[in-house]
Amino acid sequence: MQRRHKEKLIELIFLFNGVLVVLVLAGIFLLLLKNALPAFKEVSVVHFLTKPIWNPDAYDQATYGLLPMLVSTLMVTLGSLVVAIPLGVGTAAYLSDVASPRVREIAKPVVEILAGIPSVVVGFLGIVLLGPVISKLTGSYNGLNALNGSILLAVMALPTIISLSEDALASVPRAYEEASLALGANRWETVLRVKIPAAASGILAACMLGMGRAIGETMTVLMATGNAAEFPRSFLGPVKTMTSTIAIELGEVAYYTTHFHMLFAVGLMLFIITFIINLCADMIFHRHTRGLA
Amino acid sequence: MRMDKKIRMKARKVEFFYGTTQILHGIDLDIFENNVTAIIGPSGCGKSTFIRLLNRMHELVPSARLKGEITLDGKSITSADVDPVEIRRKVGMVFQKPNPFPKSIFENVAYGLEVNGVKDRHFIEDRVVSSLKKAALWQEVEKRLHDSALSLSGGQQQRLCIARCLAIEPEVILFDEPCASLDPISTHKVEELILELKKDYTIVIVTHNMQQAARVSDHTGFFYMGKLVEFGRTEDMFTRPREKRTEDYITGRFG
């Protein structure tokens, strides 16, 4: 009798935890929605999605165009993926297929610890280390630009990409590898033509999770990308991403103004984008693990 | 007495270790051209380990260590300066569990050619078709060459693996318990195929199944606890075994 009550109680505690997490998530979404909606009483959704200028403090007519910061965010994110994916998948292939077990046992935790470096520290390195280098190489003013942000975000996305890609490669059945080697393929051909394709969905999911991380990252891009409120022109020019805009402006904006509500609308967009990316990654990842079972 | 055929592969004083554990003790064994050589013995006797030495697949385990010598046509395949990739092109292997790549049927068979540097598409297409025919699979897959190989049944997958192996035209084919995971009908098909293939290839087959060894092989080696207890012509071995342990094993008294 006593025991059954105890079981029941434990069950309830877990249920409560699970429900709480879902509620918090739903709550965040509703809060964003509630605060974002009033903005569209004054400014149309079309204006928000198509105007190429974000200028809430304009003297005559304030404009709230999402495009400049959306493009900035996409530039910095895609730029980071161009750097991080080849590097990350290459490192994962090295760890799973070339490195000795000893090296792998040391290197993998070290890579995972990289994920724990505070973003402000990475941003700091962007300003004092990477910025001057980029400035010297390209002749740009201070090296605080989209390129700088991309490289830093790549560094931050790498642990996720390496660690999950390595898991995906390691879970490729050994039988595939043996079959390939027995047909006279060398190790390199085996990794490139059999293992990576077999692990493709896991690697893709890893890259998408890395991308989710890069899109939502704030402090690093805020510090390293220059934050000019203009339409981004090139990787060597300053950009102001969605996250930086919210972080910079929400502290100074007057409450319950259109500008205030607009920042929530930007946050909502960000939430939706990362949600979709994570959902896709999750679906791909599950298809991957099911496919191997 | 029939004249024995030419010897293709020879194992001499082969000792094999994983780390400090010795798996094989002083194996001397000859593999004859266009013969099927069966390796039998109870689980853990080292028969699968031995067959993997013949195309150097044992090297995938870092702690593996080999002493003695194995030759193919008189040339050592085990010395350090021989590239295992070269050996594996000449000595193909079919595994215990069918292991087609998660690619199309066509790509599975073409893979070996492509990694061996064949670029000519016509040549590859012809070879894929002829290999599938030789593996007695052509009729069943003719219309679905670009379907996933994983959509085939277990028996078909195993014949696909045989076709994949034939495509690179090896000289010796190693079968490591090729029917262990197949039903009796598929097993029968694979056995018929092996008998057909020995006209063109030299074959070594590891099997748990004594009847299978009796049905398909010309020579049989009986392994027990890492030693080659007896080696000889299959008919002699199954009718008049020289060793008591061989007789006990093939009559089912242990193993």
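The chains referred to below are lettered A, B, ... by the order of the sequence lines, with proteins before strands, and numbering in each begins at 1. Scope of the values below: all heavy atoms of this structure, side chains included, with no hydrogens, waters or symmetry mates. Everything numeric here is computed off the predicted structure, so don't read it as measured data.
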Check the surroundings of atom CD1 in Ile185(B): do more than 12 heavy atoms from other residues, nucleotides or ligands lie under 6.0 Å from it? no
If you count heavy-atom pairs within less than 4.5 Å of chain A, which of Asn116(B), Asn55(B), Val91(B) leads? Asn116(B)
Pro170(B) versus chain A, the contacting section by heavy-atom distance below 4.5 Å: neither
Quick one: sort the Phe275(A) and Phe271(A) rings into parallel, tilted or perpendicular, breaks at 30° and 60°. parallel
Using heavy-atom distances under 4.5 Å, tell me whether Lys103(B) contacts chain A through its side chain, its backbone, both, or neither. side chain
Counting only non-hydrogen atoms closer than 4.5 Å, does Ile168(B) touch chain A with its backbone (N, CA, C, O), its side chain (CB onward), both, or neither? side chain
By a 4.5 Å heavy-atom criterion (distance strictly below it), what part of Glu178(A) contacts chain B: side chain, backbone, both, or neither? both
Asn99(B): which of Arg164(B), Gln158(B), Gln157(B) passes side-chain hydrogen bond (donor to acceptor under 3.5 Å, both in side chains): Arg164(B)
Proximal component of Ser100(A), with respect to chain B [non-hydrogen, under 4.5 Å]: neither
For Arg193(A), which atoms come within 4.5 Å of any heavy atom of chain B: side chain, backbone, both, or neither? both
Would you check if there is a donor-acceptor pair between the side chains of Asn35(B) and Thr37(B) at a distance under 3.5 Å? no
Residue that, paired with Ile39(B), satisfies side chain to side chain contact (heavy atoms under 4.5 Å, CB included) out of Val204(B), Ile51(B), Ile205(B): Val204(B)
Counting distance only, does the side-chain N/O of Arg127(B) pair as donor-acceptor with the main-chain N or O of Ala167(B) below 3.5 Å? yes
Based on non-hydrogen pairs under 4.5 Å, which of Ala185(A), Pro101(A), Pro197(A) is most in contact with chain B? Ala185(A)
